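Here is the structure we will look at.
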Protein chains: 2
Amino acid sequence: MIEERYHHGDLRQALLAIAKQQLTSHGFESLSLRAISREAGVSHAAAYRHFPNKEALVAALACTGFEQLQAFVEAEVMQYGADPREQFFQCGIAYIKFALHNAPLFRVMFGVSGADRLQYPATHAAAQASFGVLVGTIQRGQAAGLIGAGEPRQLAFTAWAVVHGLATLALQDQITSQQGAIDSERLVRNSAKLLWNGLKYGQA
Amino acid sequence: MIEERYHHGDLRQALLAIAKQQLTSHGFESLSLRAISREAGVSHAAAYRHFPNKEALVAALACTGFEQLQAFVEAEVMQYGADPREQFFQCGIAYIKFALHNAPLFRVMFGVSGADRLQYPATHAAAQASFGVLVGTIQRGQAAGLIGAGEPRQLAFTAWAVVHGLATLALQDQITSQQGAIDSERLVRNSAKLLWNGLKYGQA
DNA sequence: AAGCAATGTTACCACTGTCAACATAGAGGT
DNA sequence: ACCTCTATGTTGACAGTGGTAACATTGCTT
């Protein structure tokens, strides 16, 4: 029987999958290397053959998160291939959608241990790549004459900041908890338009 | 001698102070209730007379963080009492300054355990209060006719999102690690102007 | 077939958060 | 002054954690 073999086959992958599962079901705080290994039917020290420590496991998890994010945003954006303005909007909306639907993972991606992300090249690269989607959208907007001049990376960075800020604050339950019960969908739309106005008139 | 008395006097306060210190010096990950108690010269269980658990201690820490943030931003903003536009800018710049100078604390404030901040009314209230500074600035801008119409809370929320996003991403070393070495000061200025443009023309 | 590197296991360590049982101090009523 | 009650602090335990070292097994490579 295949299940009882000494070597797992692809333990690294399995650990990551289980980790993601436990992350979403039990939260980051109670993410435990031992529990993950247990679930994988493997001893608690086996994980150390694939990750130098827990932080590395988490970083790898974040890496997959960025890949997912990029794939998701790209897919959503591509549905509006003709309209750079709507592409730009969808970029942000997709980002926030992803954050809200994958809250714990999103928090890991930008989480506490994110400070030393440079230590994990793969994770860092994945993050950069996902950023590239936004840059591309902006560049298309500029090419179409819908976005004013400016270094696209910097414009993208500002746009990213808006959307990332909204996502973060939304996850904080800060949106719904504001008295007045702000509608998040409308909020995103409004913010995007606001930003779009700013972009149209360029920086100066 | 006062130091050796059985009762500490104001242990709760002392624990928080030491916690903040250890947080900034050793990072959030290695923040330990026992280490804090040890440093306070008190037994490892003493902390439980003042906080139901570690999470509550961290929440209290976050609370002080928000208070500091509010005080800092208010102080900076008030230097530009005459000019609502500059006030608005300074609001954001101060926010980011605070985040960069108190990185670990800032991360705790919006950290992993932030999701259930509603469980800690004091912390939540402090967060709301700090948000109020920005709302006030926007309202003054509107009163001066420099910011278009719109529900001030929502405008403030967008502005907050931008600035919070920038701060978060900056902490991620995402700014400096972008090839091209974006200058963060300029970035903030540009972003603020961008947003200001958007605000001037109102939402639609 | 032999051997070697990759992968798992067991046993241990120091440490953590948390709790229950006990000790002490100090405030307030008598 | 005393006595009691409650707030605060201590000790000792427990289960669970991340991490390491020594040992076991596997399967690729030659």
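In the text below, chain A, chain B and the rest are named by the order of the sequence lines, each starting its count at 1. In what follows, every heavy atom counts, from backbone to side chain, and hydrogens, waters and symmetry copies are set aside. All of these numbers come straight from a predicted model, not from anything done at the bench.
Atom CD of B:Gln22 is separated from atom P of C:dT16 by 10 Å (rounded to the nearest Å). One can place CG of B:Leu11 at 15 Å from C1' of C:dT24, the figure rounded to the nearest angstrom. D:dT8 atom P lies 14 Å from atom CD of B:Gln13, rounded to whole Å. Regarding B:Leu57, its CG atom lies at a distance of 14 Å from the P atom of C:dT16, rounded to whole Å. Rounded to a whole Å, the CZ atom of A:Arg38 is 8 Å from the C1' atom of D:dG16. For A:Tyr48 and C:dA11, the OH to C1' distance is 15 Å, given to the nearest whole Å. Here the P atom of nucleotide C:dT9 and the CZ atom of A:Arg49 are 10 Å apart, to the nearest Å. What separates CD of B:Glu29 from C1' of D:dG19 is a distance of 15 Å, to the nearest Å.
Nearest nucleotide to the A:Lys54 side chain, out of D:dG18, C:dG8, D:dG9: D:dG18.
Nucleic acid contact for B:Leu31: sugar-phosphate only, since backbone atoms but no base atoms lie under 4.0 Å from a heavy atom of the residue. Nucleic acid contact class of A:Ser43 (heavy atoms, under 4.0 Å, all strands): base. Among the heavy atoms of the strands lying under 4.0 Å from A:His50 are primed sugar atoms or P, OP1, OP2 only; no base atom is included.
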Would you mind writing out the side-chain donor-acceptor pairs for residues 67-81 of chain A within the sub-3.5 Å range, not counting sequence neighbours?
from    : atom 1 : to      : atom 2 : distance (Å)
A:Gln68 : OE1    : A:Lys20 : NZ     : 2.7
A:Gln70 : NE2    : A:Glu74 : OE2    : 3.4

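Scanning atom types as modelled, no donor and acceptor separated by under 3.5 angstrom connect the side chain of A:His44 and the base of C:dG8. No hydrogens or angles were tested; on distance alone, a donor-acceptor pair under 3.5 Å links the side chain of A:Arg34 to the base of D:dG19.
Residue A:Ser32 has a polar side-chain atom (N or O) positioned under 4.0 Å from OP1 or OP2 of D:dG18.
Summary of the strand contacts: A:Ala35 and A:Pro52 both lie near DNA chain D, and taking for each the nucleotide with the nearest heavy atom, the more 5' one is attributed to A:Ala35.
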(request) Take B:Phe131 and B:Phe66 through the test ring pair (Phe, Tyr, Trp, His ring centres under 6.0 Å) and record every step on the way to the result. (result) CA-CA 9 Å; B:Phe131 178 60; B:Phe66 280 111; over 10 Å; no
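Outside the 6.0 Å centre-distance limit, the rings of A:His101 and A:Phe106 are not counted as a close aromatic pair.
The shortest side-chain heavy-atom distance between B:Gln22 and B:Ile18 falls under the 4.5 Å cut-off.
Residues passing the salt bridge (charged side-chain N to carboxylate O under 4.0 Å, His left out) test with B:Glu86, sequence neighbours excluded: B:Arg189.
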